[in-house]
Structure formats: C-alpha cells, structure tokens
Amino acid sequence: SQTIHQWPATLVQPVGSPLSLECTVEGTSNPNLYWYRQAAGRGLQLLFYSVGIGQISSEVPQNLSASRPQDRQFILSSKKLLLSDSGFYLCAWRVASNNSPLHFGNGTRLTVT
Amino acid sequence: GDSVTQMEGPVTLSEEAFLTINCTYTATGYPSLFWYVQYPGEGLQLLLKATKADDKGSNKGFEATYRKETTSFHLEKGSVQVSDSAVYFCALQLNTGNQFYFGTGTSLTVIP
C-alpha cells in the first residue's frame, strides 16, 4: 500500500533562518505531489505542485520554493523565513489519473519566532 | 473562477443529532467532489467522493450527493458521535485532474 511521510512534525525557527521540509511517498510511481499551507483557522492554500521530476508549478509568489529531486521526494524550502511563514504545511500525493483524490501527510507545524 | 463555498462554523451538536454541512461549488466542466476530515494536529483524510452528477459518496455513516442542478455537495450524517468532532473540508477537482480547490473548513464539535 502507499504511504506518505512528512518531517519534521514540528519546527520552531527564527526569522531569517533557512527552511527545508521533506516529503516522501512510498508504494507508487510518478505521483503528482503537492505542498499546501494551512494558516490558523483558515482553509488550505496551494503553494506548489509537481507532475514529474524537476517539474514544479508555483501557485503563489512568495519567499518559498519547492524541488523534486527524485520521483517520490518533494522538498519545500526557504532561504530566509518571515513571521508570516508560520503555519501548518501539508504534503499530498495522488495517482496521476483523472478523478484520483489527494492523500495527505500528517503535516509540519512551523512556528517562526 | 473555480471555487468552493462551505458553511461557516463552528457547529456544535449533541451526540446522536443529525448533521448537515452545506457545500456549494463554482466550476467549469464536470468536476469531481470530495469531503475530507481533519482531526486535531493531523493531516486531511479522504472521507468520501463523487465523480459525476447524482453520484452519492458514503463512508462511516456520512453521505453526500453530487447535485449538478444546485451545484451542491452537502455532507450529512444521521447520528453523530463524539468521535466525529473534527474539521470538515469540501473540495473540488477540475476535470483536468491536477488542480483542487478547498473550502475554508467547518469545525464540528459533538458533545455527549
């Protein structure tokens, strides 16, 4: 069966520090991969999605970036964190076919201080 | 543009009460529709889905029917339990496949 791993589960970082969040999927090939952010008490904001290695689509311009160095690995990065980057970051995957749903990881709670 | 609008929360119900969480959508073409549930501190879990008009998705006593004429996908459960306390998200997937739009979530608390 397929599983998705996200780490770390929680992270506290000072303003101006770098960020690297990692997500890996097991048990499937060539998945579509997604990064969402969920601010406190709000819905989900799509940050990036990827349909293949090295292919990244950015939905919201900001100081975050994403990379997909391997088929089942998706990394969210920042060179310098802002206070407004605090939130709950969710990685998700889906089979690359019509009507297939998203499957989410357990999320990373990021607090920028 | 494409979007999902769901009922504002929070919703508080007594155990065994009937639940309805409204969801309406705006989309071109024929989207697929989903309900996800998020328990505290966790990611979202797929609860149910429907891929075409008049389909009914169901799981764990929850149901939702894809109504194209009213562009709605309301979530219902006949008798809620304390363990159903969570945040519920309605979502649509465009028929291109890659893009999903989520509602803002509805918090449900069930009290004994």
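Chain letters run A, B, ... following the sequence lines, proteins first and then strands; every chain starts at 1.
Residue E16(B) places its CD atom among 12 or fewer non-hydrogen atoms of other residues, nucleotides or ligands, all under 6.0 Å distant. With a 6.0 Å radius and a threshold of 12 heavy atoms from other residues, nucleotides or ligands, K80(A) has its NZ atom at or below the threshold. For E8(B), the CD atom sits in a loose shell: 12 or fewer heavy atoms of surrounding residues, nucleotides or ligands are nearer than 6.0 Å. The local environment of OH in Y39(B) is crowded, with over 12 non-hydrogen atoms from other residues, nucleotides or ligands closer than 6.0 Å.
Ranked by heavy-atom pairs under 4.5 Å with chain B, the first of R109(A), H103(A), Q6(A), R94(A) is R94(A).
Tracing side-chain contacts under 4.5 Å through hydrophobic residues (I, L, V, M, F, W, Y), one reaches L33(B) starting from L48(B); they form part of the same cluster. Under the 4.5 Å side-chain heavy-atom criterion for Ile, Leu, Val, Met, Phe, Trp and Tyr, Y101(B) and F34(B) are members of distinct hydrophobic clusters. Linking ILVMFWY residues whenever their side-chain heavy atoms come closer than 4.5 Å, directly or via other members, places L81(A) and F48(A) in the same cluster. Note: the hydrophobic cluster containing Y49(A) does not contain V4(B) (ILVMFWY, side chain heavy atoms under 4.5 Å, direct or indirect links). Hydrophobic clustering, with ILVMFWY side chains joined whenever heavy atoms are under 4.5 angstrom apart, keeps V87(B) apart from L47(B).
Of the two parts of Q6(B), neither the backbone nor the side chain holds a non-hydrogen atom closer than 4.5 Å to a non-hydrogen atom of chain A. Proximity to chain A is limited to the side chain of L46(B), based on heavy atoms less than 4.5 angstrom apart. The contact between L102(A) and chain B is made by backbone and side chain atoms together, counting heavy-atom distances below 4.5 Å. Looking at L46(A), there are no atoms closer than 4.5 Å to chain B (heavy atoms on both sides), in backbone or side chain. F100(B) touches chain A through backbone and side chain together, each having a heavy atom under 4.5 Å away.
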Worksheet item: Yes or no on side chain to side chain contact (heavy atoms under 4.5 Å, CB included) for F104(A) and Q38(B), after CA distance, side-chain angles and deciding distance?
Response: CA-CA 10 Å; F104(A) 286 84; Q38(B) 184 180 33; over 6 Å; no
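Closest non-hydrogen pair, K49(B) versus P101(A), comes out as NZ-CD, 4.0 Å. Between G41(B) and F88(A) the shortest heavy-atom distance is O-CZ, 4.1 Å. Here the shortest heavy-atom pairing between N98(B) and Y34(A) reads O-OH, 2.7 Å.
The CG atom of N106(A) sits 8.5 Å away from atom CD of Q45(B), with the distance rounded to the nearest 0.5 Å. Between the NZ atom in K52(B) and the CG atom in N99(A) there is a gap of 9.5 Å [rounded to 0.5 Å]. Distance check: F102(B) CZ to Q38(A) CD gives 10.0 Å after rounding to the nearest 0.5 Å. L44(A) CG to Y36(B) OH: the interatomic distance, rounded to the nearest 0.5 Å, is 10.0 Å.
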